[in-house]
Amino acid sequence: MSEESDDDMPELVAADVSKVPVTVITGFLGAGKTTLLNYILTEQHGKKIAVILNEFGEGDSIEKSMSVGEEGELFEEWLELRNGCLCCSVKDNGVKAIENLMQKKGKFDYILLETTGLADPGPIASIFWLDEELCSDVYLDGIVVMVDAKFCERHIDEKKEDGSVNECQKQIALGDVIILNKTDLVSAEQLSKLKDLIRSVNNFAKIVETSHSNINPESILDINAYGLSGDTKMEDIFTQRGYSTEDKHIIDQSVGTITVQIPGSISKCALDDFLQTLLWEKTIKNSTGNIIEILRLKGSMCIEGSDRRLVVQAVEELYDSHTTTVWEDDQPRSSTVVFIGEHCHRILGSLKKFDMFKLAAVRVV
Ligand SMILES: Nc1nc2c(ncn2[C@@H]2O[C@H](COP(=O)(O)OP(=O)(O)OP(=O)(O)O)[C@@H](O)[C@H]2O)c(=O)[nH]1
Ligand SMILES: [Zn+2]
């Protein structure tokens with residue numbers, strides 16, 4: 001055991017069988033989310049899955065269908081959800097839906113939640129990730145983003161009047177798995193170009209190509225993207241996912257991914273100090289003078305005085321960390337941090353002002 005405070009002890013959520021995983025399915029209007037849920041509910045996969053459709057439309061209150069699939073049969077119930085913009089009011093509605101659902105615990109072992117096409121998955125993810133009451137029942141397994149292979153390029157490139165990041169880029173940035181759907185409607189060349197484009201925004205997510213949302217559920221369920229079982233592969237990312245956008249035509253978009261590796265160990269204090277400046281104070285600028293706005297961050301850290309890795313996860317301004325696996329004696333000690341967000345290019349100079357990044361090497365993608 002390491003000698004750390006209780007705060008640093010691993011919350012072994014993944015090992016807690018009484019908790020139900022939630023996968024959030026997001027993606028642009030008409031990308032194929034409902035088709036995916038229908039497909040999963042009728043496939044034989046040995047799981048009893050509860051689906052929450054959160055398609056808010058016009059009107060005051062909409063009846064929502066919730067299906068619990070059990071050995072191919074569908075038990076249908078109706079959940080009443082109040083209407084409202086998903087981004088700001090999903091907390092009440094989403095939590096209520098899950099709470100109702102939890103009374104039927106035992107009848108299902110997995111929850112899939114479909115958001116509206118225009119939703120920002122950030123706030124939704126934070127609810128399932130960090131809401132204390134809810135988190136005793138469920139945990140966020142990951143965010144799956146459905147991308148329409150035919151129209152994504154147009155959406156990703158859209159400029160918002162206020163200059164903020166558009167929904168499409170935001171969704172892609174927050175995706176743990178990105179499903180490139182409707183591949184039947186594009187050529188191999190278009191598909192390859194689109195993949196480059198997606199990689200230029202989020203180079204960390206797994207990309208799966210499908211048509212008619214026809215997917216092996218294993219690629220999107222139980223992915224444990226919030227790393228509670230120990231993200232030991234993080235260190236390898238720096239060398240393995242060596243994708244480079246050099247020589248490729250990339251649109252003029254500001255959201256991107258960079259991976260930074262720091263040899264040796266760093267102090268927990270220095271890490272917290274950096275994360276709070278980056279995520280809360282938001283005062284760190286890149287070399288072009290633009291504030292770095294993080295959408296998603298993941299880190300596997302080697303902390304001074306600890307014999308275990310510390311996994312850090314952030315979604316927008318929220319972050320959380322927990323100790324995971326033990327460092328083996330022969331493993332070189334290092335930390336890897338993946339930043340996904342706005343103005344993440346050319347940030348090494350700014351990072352090096354923080355002690356923990358003095359020795360850092362960076363890979364920009
Ligand atoms: N050609 C083609 N059509 C598809 C594919 N996947 C889904 N569709 C069709 O696209 C339309 C939209 O699919 P949905 O599954 O309703 O998409 P959605 O993301 O749930 O849409 P919203 O909830 O309105 O945002 C439907 O008519 C589907 O049949 C595909 O791979 N290829
Ligand atoms: Zn839908």
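One-based numbering along the sequence shown. We count ligands from 1, going down the list as the structure has it; atoms in each ligand are counted the same way. Note that the structure is predicted; figures quoted are calculated from it, not measured.
- Residue S211 has at least one heavy-atom neighbour below 4.0 Å for each of these atoms of ligand 1: 31 (O).
- With G32, G27, A31, G30 as candidates, the residue nearest to atom 21 (O) of ligand 1 on a non-hydrogen basis is G30.
- Applying the 4.0 Å criterion to heavy atoms of T35 picks out, from ligand 1, the atoms 7 (C), 13 (O), 14 (P), 15 (O), 28 (C).
- Considering backbone and side-chain atoms together, T210 places no N or O closer than 3.5 Å to any N or O of ligand 1.
- Between E114 and ligand 1, a contact under 3.5 Å exists for at least one N or O pair.
- The side chain of D184, and not its backbone, has at least one atom closer than 4.0 Å to an atom of ligand 1 (non-hydrogen atoms only; side chain from C-beta on).
- The cationic group of R309 lies under 6.0 Å from the six-membered ring centre of W327 and within 45° of the ring axis, placing it in a cation-pi geometry.
- For atom 3 (N) of ligand 1, the choice among K150, E209, H212, K33 with the nearest heavy atom turns out to be H212.
- In plain terms, the two heavy atoms of D176 and A225 that are nearest each other are CG-CB, 3.3 Å.
- On a distance-only criterion, N181 and ligand 1 share at least one N/O pair closer than 3.5 Å.
- Of all the atoms in ligand 1, the ones that sit under 4.0 Å from a non-hydrogen atom of L185 are 1 (N).
- For ligand 1, the atoms lying closer than 4.0 Å to a non-hydrogen atom of T34 are 15 (O), 16 (O), 18 (P), 20 (O).
- Checked against a 3.5 angstrom limit, the closest N/O atoms of T183 and ligand 1 fall outside it.
- Shown here are the side chain to side chain donor-acceptor pair (under 3.5 Å) partners of D273, two or more places apart in sequence or in another chain: there are none.
- A salt bridge does not link D148 to K33: none of the charged side-chain nitrogens sits closer than 4.0 Å to a carboxylate oxygen.
- In this structure, K282 pairs ionically with E293, as a charged nitrogen and a carboxylate oxygen lie closer than 4.0 Å.
- N224 and D141 make their closest contact through N-OD1, 2.8 Å (heavy atoms, listed as atom of the first residue, atom of the second, distance).
- In this structure N216 satisfies the side chain to side chain donor-acceptor pair (under 3.5 Å) test with no other residue, sequence neighbours excluded.
- Of the N and O atoms on the side chains of D320 and Y226, not one donor lies less than 3.5 Å from an acceptor on the other residue.
- Every atom of ligand 1 with a heavy atom of L29 under 4.0 Å away is listed here by number and element: 25 (O).
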